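All figures in this text were calculated on a predicted structure; none of them were measured in a lab. Scope of the values below: all heavy atoms of this structure, side chains included, with no hydrogens, waters or symmetry mates.
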Amino acid sequence: GIGSCGDTRLGAELEDAVSHSKYDAKAKSQNPNENPFCGKKGKVTYEGKSIEVKEVDRCPGCSENDLDHSPSAFKKLAPLGKGRMKQVKWKMID
């Protein structure tokens, strides 16, 4: 579907949705497509594996420090059957 940043998400790309609280705190206008998170790159590390993801959406069901990974991004870090990953490190890289 179409994410908060205005892009169509298919789940095939290495993408993330940022928690609604972090996303909303960065908002500088009423247009969610103009959020500073949109299109930025992040680095996610879990159990020694790291990937770069593109920030493309807002996650209304996420807690403050949660991320919602696309299936492709999740599978690079852990099997989809894991469901949730704890103690993931995340930082913006651009």
Side-chain angles (χ1 to χ4, degrees):
I2 296 178
S4 293
C5 294
D7 297 326
T8 300
R9 297 180 62 203
L10 302 175
E13 302 296 323
L14 300 181
E15 300 170 332
D16 268 345
V18 179
S19 70
H20 62 94
S21 55
K22 286 194 182 294
Y23 188 92
D24 294 349
K26 288 259 189 180
K28 296 186 193 278
S29 79
Q30 294 287 4
N31 184 345
N33 298 338
E34 296 174 0
N35 191 286
F37 275 117
C38 292
K40 297 293 184 189
K41 296 283 185 191
K43 180 179 179 182
V44 180
T45 303
Y46 178 71
E47 293 187 348
K49 298 176 187 171
S50 293
I51 60 170
E52 286 186 16
V53 294
K54 181 179 177 184
E55 307 306 333
V56 297
D57 205 355
R58 174 185 182 273
C59 179
C62 289
S63 296
E64 173 77 16
N65 293 309
D66 289 353
L67 298 169
D68 186 14
H69 302 300
S70 67
S72 296
F74 196 103
K75 287 191 285 188
K76 293 278 187 184
L77 298 168
L80 283 177
K82 182 159 185 73
R84 295 182 68 99
M85 293 179 272
K86 298 188 186 245
Q87 299 181 342
V88 173
K89 293 181 182 176
W90 173 75
K91 68 178 181 176
M92 298 303 294
I93 55 176
D94 78 353

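Remark: Lys41 NZ to Lys43 NZ distance equals 14.5 Å, nearest 0.5 Å. Here the CD atom belonging to Glu64 is positioned 8.0 Å from the NE2 atom belonging to His20, to the nearest 0.5 angstrom. Note that NZ of Lys75 and CD1 of Ile51 are 12.0 Å apart. Values are rounded to the nearest 0.5 Å. Atom-to-atom distance recorded for Cys5:SG and Lys40:NZ is 11.0 Å, nearest 0.5 angstrom.
Grouping the Ile, Leu, Val, Met, Phe, Trp and Tyr side chains by contacts below 4.5 angstrom, directly or via other members, places Val18 apart from Val56. Note on Leu80 and Tyr46: same hydrophobic cluster, where clusters join Ile, Leu, Val, Met, Phe, Trp and Tyr whose side-chain heavy atoms are under 4.5 Å apart, directly or indirectly.
Nearest heavy atoms, Ser72 versus Ala12: OG-O, 2.9 Å. Closest approach of Leu14 and Lys76 over heavy atoms only: CD2-CG, 3.9 Å. Considering every non-hydrogen atom in both Glu55 and Phe37, the closest pair reads CB-O, 3.2 Å.
In this structure, Asn33 contributes its side chain and Gly6 its backbone to a donor-acceptor pair below 3.5 Å. The closest donor-acceptor contact from the side chain of Ser4 to the backbone of Asp57 lies at 3.5 Å or more, if one exists at all.
The shortest distance between side-chain heavy atoms of Arg84 and Asp66 falls below 4.5 Å.
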Starting from the C-alpha separation in whole Å, work towards a yes-or-no answer on side chain to side chain contact (heavy atoms under 4.5 Å, CB included) for Asp16 and His69.
CA-CA 4 Å; Asp16 268 345; His69 302 300; 2.4 Å; yes

Donor-acceptor contacts under 3.5 Å from residues 22-29 side chains, at least two apart:
from	atom 1	to	atom 2	distance (Å)
Lys22	NZ	Asn65	OD1	3.3
Tyr23	OH	Pro32	O	2.6
Asp24	OD1	Arg58	NE	2.8
Asp24	OD2	Arg58	NH2	2.9
Ser29	OG	Asn31	N	3.2
Ser29	OG	Asn31	O	3.4
Ser29	OG	Glu34	OE1	2.9

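Counting heavy atoms of neighbouring residues, nucleotides and ligands inside a 6.0 Å radius, atom CD of Gln87 does not exceed 12 of them.
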